[in-house]
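What follows is one structure encoded as structure tokens, with my remarks underneath.
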Amino acid sequence: MDPRQYLAAPVLLAGLFSLAPIPSRAVAPPANFEEALAGTYTLPDPLTMQDGSPVKTAADWTTKRRPELLELFEEHVYGHPPALWGTLQFEVLEVLENALDGKATRKRVRIFLKEHPEWTGIEVLLYLPKTGNKKVPCFVGLNFNGNHAATVEADVPISTNWMRDTQANPPRNKPPQSPDTTRGSEHSRWLPEKLIAAGFGLATAYYGDIEPDYAGGWKVGIRGALSPQGVATEWKANEWGGIGAWAWGLSRILDYLESDPAVDAQKCAVIGHSRLGKTALWAGARDERFSIVLANDSGEGGAALMRRNYGETVAIITGAFPHWFAGRWSSYANRETECPVDQHELVALVAPRPVAVGSAVEDRWADPLGEFLSAKNAGAVYQLFGKKGLESELQPAVGESIGNSIGYHLRAGKHDLTEEDWGQYIKFCARHWPG
Ligand code: GTR
């Protein structure tokens, strides 16, 4: 699907909220790709509380500003998730000791809620290198096309859940596909063999297990299940959207990993690409058990600064994908400066844990410079902890990475999660997880 199809999409939810006198059907201006027209802006200061008082110490950040910013991101961008979900249960469906030519143990685990059988749960595909009794560090990420697409192994069952049809615009609810066409189709984004060889485990799950990615998908996903009104729910402007739901799912996968004695749950890095890069960043910002956060080509609503007018904008993304966010975020279409937060503060919410942002040069829709500037401007918070962010004022050369506790790399090529990106993320994690 080409998101540019949505350039003139109306912002349906704008005007529902009385935050400002905005038109009820704001139209998204076309995306700008001229750096000279990206506009000027002043970023909100992560080190100033909303009442104007300064954030001077790491303790001020941890006890006051971090909770305040999390609340602001929930209220204005991603929505509040529910506080309770009942009893989480795990069912180990398979343990295969000789996966990936004998180099890995493969597990399949179903995560579900005892009190909500109407939600079918999350099936996790877990590959772990053979390390004897040594617990292994793990990458944790959601995939776009089903677990059978993330691997070339022929005996990983094909997902029977809703699939996104990338040919259709808008995406339609597609019946399960034949294994012949989708098995391994996302292998190049997950490369379990490479991760295993580097000594890492991989836990991946299909994002559609948590909530199918279309406007009414919540009705059969976790949001519908957990809402007291079920499918009759009328979402309030500050309640969670799809990204909030998928991020919730990532935390439930981590709940399972904490219970698996083969996994080093102190070394679990959350990773995602594109809309799932936005999701990984939000999950990692909220859930401090993720010890490293990796956001690949995450763009608008991810690492890219919303105040920069370059590539996808709030108006465009909330017009095309209103179900991803809290309804309120669409009210900032064409008036981003009114939003109390910007995305460098989302990156900063990971502090003091390491966070890496990856961009691709040709991925102009995601605004690579905006992703860099966000990572750069999160640095002030890391400094409170005596940690270094990006010391350079400039993006690195293509193919290079920079940074310390905040990492950034710029890859040649298009919007994708590639072997080169993985090389950068493996290097970043190995540096922060010595031993
Ligand atoms: C696009 C959207 C981007 C990005 C991408 C993806 O259509 O405009 O923000 O999320 O989808 O997830 O593939």
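Nothing here was measured: the structure is a model prediction, and the numbers come from that model. The figures here come from the full heavy-atom set of this structure, side chains too, leaving out hydrogens, waters and symmetry mates. Counting convention: from 1, in listed order, for ligands and their atoms alike.
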If you measure every N/O of Trp324 against every N/O of ligand 1, is any gap under 3.5 Å?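 For ligand 1, there is no N or O atom that lies under 3.5 Å from one belonging to Trp324.
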Aromatic plane relationship, [Y] with [X] - under 30° parallel, 30 to 60° tilted, over 60° perpendicular:
{"X": "Trp422", "Y": "Tyr425", "value": "perpendicular"}
{"X": "Trp162", "Y": "Tyr214", "value": "tilted"}
{"X": "Phe73", "Y": "Trp282", "value": "tilted"}

What I want to check is whether the side chains of Gln395 and Tyr408 have a donor and an acceptor closer together than 3.5 Å.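 Yes - a donor-acceptor pair under 3.5 Å links their side chains.
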Of the listed options Glu300, Arg275, Glu312, His415, closest to atom 3 (C) of ligand 1 (non-hydrogen atoms):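 Of the listed residues, Glu312 has the closest heavy atom.
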Taking only heavy atoms of [X] into account, list the atoms of ligand 1 that are under 4.0 Å away from them.
{"X": "Phe321", "answer": "2 (C), 7 (O), 8 (O)"}
{"X": "Ser274", "answer": "4 (C), 5 (C), 6 (C), 10 (O), 12 (O), 13 (O)"}
{"X": "Lys278", "answer": "3 (C), 4 (C), 9 (O), 10 (O)"}

I need the contact type for Tyr207 against ligand 1. Using non-hydrogen atoms and a strict under-4.0 Å cut-off, is it side chain, backbone, both or neither?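 Contact part for Tyr207 vs ligand 1: neither.
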Using heavy atoms and a threshold below 4.0 Å, how should the contact between Ile317 and ligand 1 be classified: side chain, backbone, both, or neither?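 The answer is the side chain.
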Examine distances only and state if a side-chain atom of Glu371 and a backbone atom of Gly299 form a donor-acceptor pair shorter than 3.5 Å.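 Yes; at least one donor-acceptor contact below 3.5 Å.
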Cationic tip of Arg223 above Trp235 ring, under 6.0 Å, 45° of axis: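 Positive - Arg223 is close enough to the ring of Trp235 and near enough to its axis.
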